[in-house]
Amino acid sequence: VTPEEFRIAGHVLIDWIADHRQRVPQLPVASQVKPGEVAAGLTPSAPERPEQFAAVLADVERIVVPGITQTQSPNFFGWFPSNASLASVLGDLASSGIGALGITWASAPALTEVEEVVTEWLRELTGLPAGWRGAIHDTASSACLVAMLAARERASGYSQNRAGLQGEPAPLTVYTSPQAHSSVQKAVLLAGFGADNLRHVAVDPVTYAMRPQALADAMAADVAAGRRPAAVVVAVGTTGTTAIDPLAEIAPIAARHGAWLHVDAAMAGSALLLPERRWMIDGIAGADSLAWNPHKWLGTILDCALLYVRDAGELVAVMSTNPSYLRSAADGQVTQYKDWGIPLGRRFRALKLWFHLRLDGVEAIRARLRRDLANAGWLGEQVAAEPGWRLVAPVSLQTVCVRHEPAELVRPGGEIAGGEIADGEIADGEALDRHTLAWVAAVNDSGRAFVTPSMLDGRWMVRISIGAEATERHHVAALWELLKAEAAAAAW
Ligand SMILES: Cc1ncc(COP(=O)(O)O)c(C=O)c1O
């Protein structure tokens, strides 16, 4: 494709994207394709001769679009928001078009320096301490792995330069919440700590936030048994219910043992742009790292995860490489992001963040986040007030966790001491699970909205995660009517 051919096809493609975004609200939210259906629509072998752009675009329309769950739909309430603001799409396109190779500062100085400036903007916007430095990673999963590798090496006195963990005299232990995202466990296993050395610390039965005393006890027990606490991973916004672990109380406990304190704020990090939500990271000065995903609620298109660290030197000590072919005269004066993470070659991801913040502006982004928090609060109130429905966790961010509990499946609650009313007790949990999964399937199969079932305390519940860029109050109100109708019609 020559630049002239690119110009013509590119204009068509931009028009197609704009049209596509306009019709997304009319598309079924959940992809309705069956396994293998997309692959069966593609030619089994690569073409020997060039095809027409129009033919490729026609296949995108015919085969690819039906195979996408429409996360940009205003009726998408699944998992967590995965917003792809068009401002950031333009930045992503510019990044692809420029085609920079980010292996060292010298290979694309702008790639490094725009990233330094934009991560500093976001450090300031989210209230992280001065001096913390950020880098863009692909995902929060990778960011957590980097933090765990740094934690392992610090705790073991840089054992990688000796016999590695295999030569260590005592196991290193890691602590997190049972509500933490699966990527935390994955990072701990990949970093070589071993499943036997990962502690799932008890959480509060109402808030689902980590109990600091339980953490202190677990760490003390390990020390007494000759093990060495290496890291604590705090969740600010768990995936299941957006519970917020109490960082301010946890930080001194981690510090007592010299353990690396990593904060996983993958989802909730966006809310730190709101000064009134900064309390979520009270105590951050006592942490070592924090990761969050602009590619979720903020709306910088995937993939865009930020990892901030108090001392970037602790990453460099573990990740640095210095082969002759990567050296330049600027070494020593510049940031080498290759030494802050795992990959050598990096995309120019900072451009999409830079475009996003400049074209949308922080004020509008803050207004949207506040809109979503208000919508979640409103839905929470509707659910709490509706007979037969239950909020199964506090609405601490923009996700509302609910269960429809038909009277036949729940023994009535009653008045307990102090005039409080206790929740009804589940009489037939398996039937309740069947009922929950039946009405969720009906909602998702309808194509009119998409929500995610998830387990909490061993029972299915439903997460309604508000925050698609296009979701307004009337979409949330329509969803609530749909949920009530499908739940009323679902069997068990
Ligand atoms: C709390 C939390 N941490 C980590 C992740 C993983 O994010 P990523 O897909 O960027 O690896 C998620 C994903 O939803 C999450 O909710």
Side-chain angles (χ1 to χ4, degrees), residues 69 71 76-84 88 122 126 134-149 174-191 198 200-201 203 207-210 231-247 250 261-272 277 280-281 287 289-308 341-343 346-347 349 352-353 372 376 393 396-401 450-456 463-468:
T69 288
T71 48
F76 175 76
F77 300 95
W79 305 300
F80 275 142
S82 180
N83 290 322
S88 68
L122 280 160
T126 52
I136 306 178
H137 290 250
D138 54 359
T139 58
S141 302
S142 300
C144 187
L145 174 58
V146 166
M148 289 305 97
L149 293 172
V174 182
Y175 307 79
T176 196
S177 155
Q179 297 289 323
H181 189 261
S182 57
S183 57
V184 175
Q185 170 154 346
K186 188 170 179 173
V188 170
L189 299 190
L190 290 176
L198 174 61
H200 285 115
V201 178
V203 295
T207 64
Y208 295 99
M210 186 190 281
V232 178
V233 181
V234 159
V236 168
T238 59
T239 309
T241 68
T242 65
I244 295 163
D245 291 343
L247 180 57
I250 290 170
L261 182 53
H262 177 65
V263 180
D264 177 8
M267 173 62 201
S270 299
L272 296 174
R277 298 293 307 200
M280 295 190 302
I281 55 162
S289 54
L290 177 145
W292 71 278
N293 285 349
H295 70 219
K296 285 187 161 61
W297 193 11
L298 192 81
T300 311
I301 186 172
L302 263 165
D303 48 1
C304 189
L306 298 176
L307 175 63
Y308 284 91
I342 296 165
R346 308 171 80 246
R347 268 173 62 75
R349 292 197 190 93
K352 57 191 174 191
L353 258 176
D372 297 338
S396 52
L397 203 66
Q398 46 54 262
T399 298
V400 183
C401 299
F450 186 84
V451 295
T452 317
S454 179
M455 297 281 258
L456 185 66
R463 298 167 67 266
I464 299 155
S465 195
I466 295 171

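In listed order, ligands and their atoms are each counted from 1. Only a predicted model underlies this, so the values are computations on that prediction, with no experimental measurement involved.
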By number and element, which atoms of ligand 1 are closer than 4.0 Å to a non-hydrogen atom of T239?
1 (C), 2 (C), 15 (C), 16 (O)
Under the 3.5 angstrom rule, does the side chain of K296 hit a backbone N or O of A268 as a donor-acceptor pair?
no
Under 3.5 Å: donor-acceptor pair, side chain of Q398, backbone of I466:
yes
Tell me whether S141 has any N or O atom under 3.5 angstrom from an N or O of ligand 1.
yes
Polar-atom distance check: A140 versus ligand 1, any N or O pair below 3.5 Å?
yes
May I ask whether A305 has any heavy atom positioned less than 4.0 angstrom from an atom of ligand 1?
no
Do any N or O atoms from the side chain of R463 and from the backbone of W79 form a donor-acceptor pair under 3.5 angstrom?
yes
Within the 4.0 Å heavy-atom cut-off, what M267 brings close to ligand 1 is neither
Should you measure from each heavy atom of F80, which atoms of ligand 1 turn up under 4.0 Å away?
14 (O), 16 (O)
Counting only nitrogen or oxygen atoms and a 3.5 angstrom limit, does T238 reach ligand 1?
no
The closest protein heavy-atom partner of atom 3 (N) of ligand 1 is D264 OD2, 2.7 Å
Taking the six-membered ring for Trp, are F450 and F76 parallel (under 30°), tilted (30 to 60°) or perpendicular (over 60°)?
parallel
Please state which protein non-hydrogen atom is closest to atom 6 (C) of ligand 1 and give its distance, to 0.1 Å?
H181 CE1, 3.4 Å
When distances are taken from atom 9 (O) of ligand 1, the protein heavy atom at minimum range is K296 NZ, 4.1 Å
Please identify which atoms of ligand 1 are closer than 4.0 Å to at least one heavy atom of T139.
8 (P), 10 (O), 11 (O)
So, H295 side chain and L302 main chain: donor-acceptor pair closer than 3.5 Å or not?
no
Which of the atoms in ligand 1, numbered in the order shown and given with their element, are less than 4.0 Å from a heavy-atom of N293?
7 (O), 8 (P), 10 (O)
For the pair T300 (side chain) and K352 (backbone), establish whether a donor and an acceptor sit closer than 3.5 Å, ignoring hydrogens and angles.
no
What closest approach, in Å, do A305 and P294 show between heavy atoms, and which atom pair accounts for it?
CA-CD, 4.1 Å
So if I count the atoms of ligand 1 from 1 in the order they appear, which ones are less than 4.0 Å from some heavy atom of G237?
1 (C)
Positive for side chain to side chain contact (heavy atoms under 4.5 Å, CB included) with M280, one of V263, D245, V236, L247:
V236
Under 3.5 Å donor-acceptor, N83 side chain and W297 backbone
yes
Atoms of ligand 1, numbered as shown, that sit under 4.0 Å from any heavy atom of H295:
10 (O)
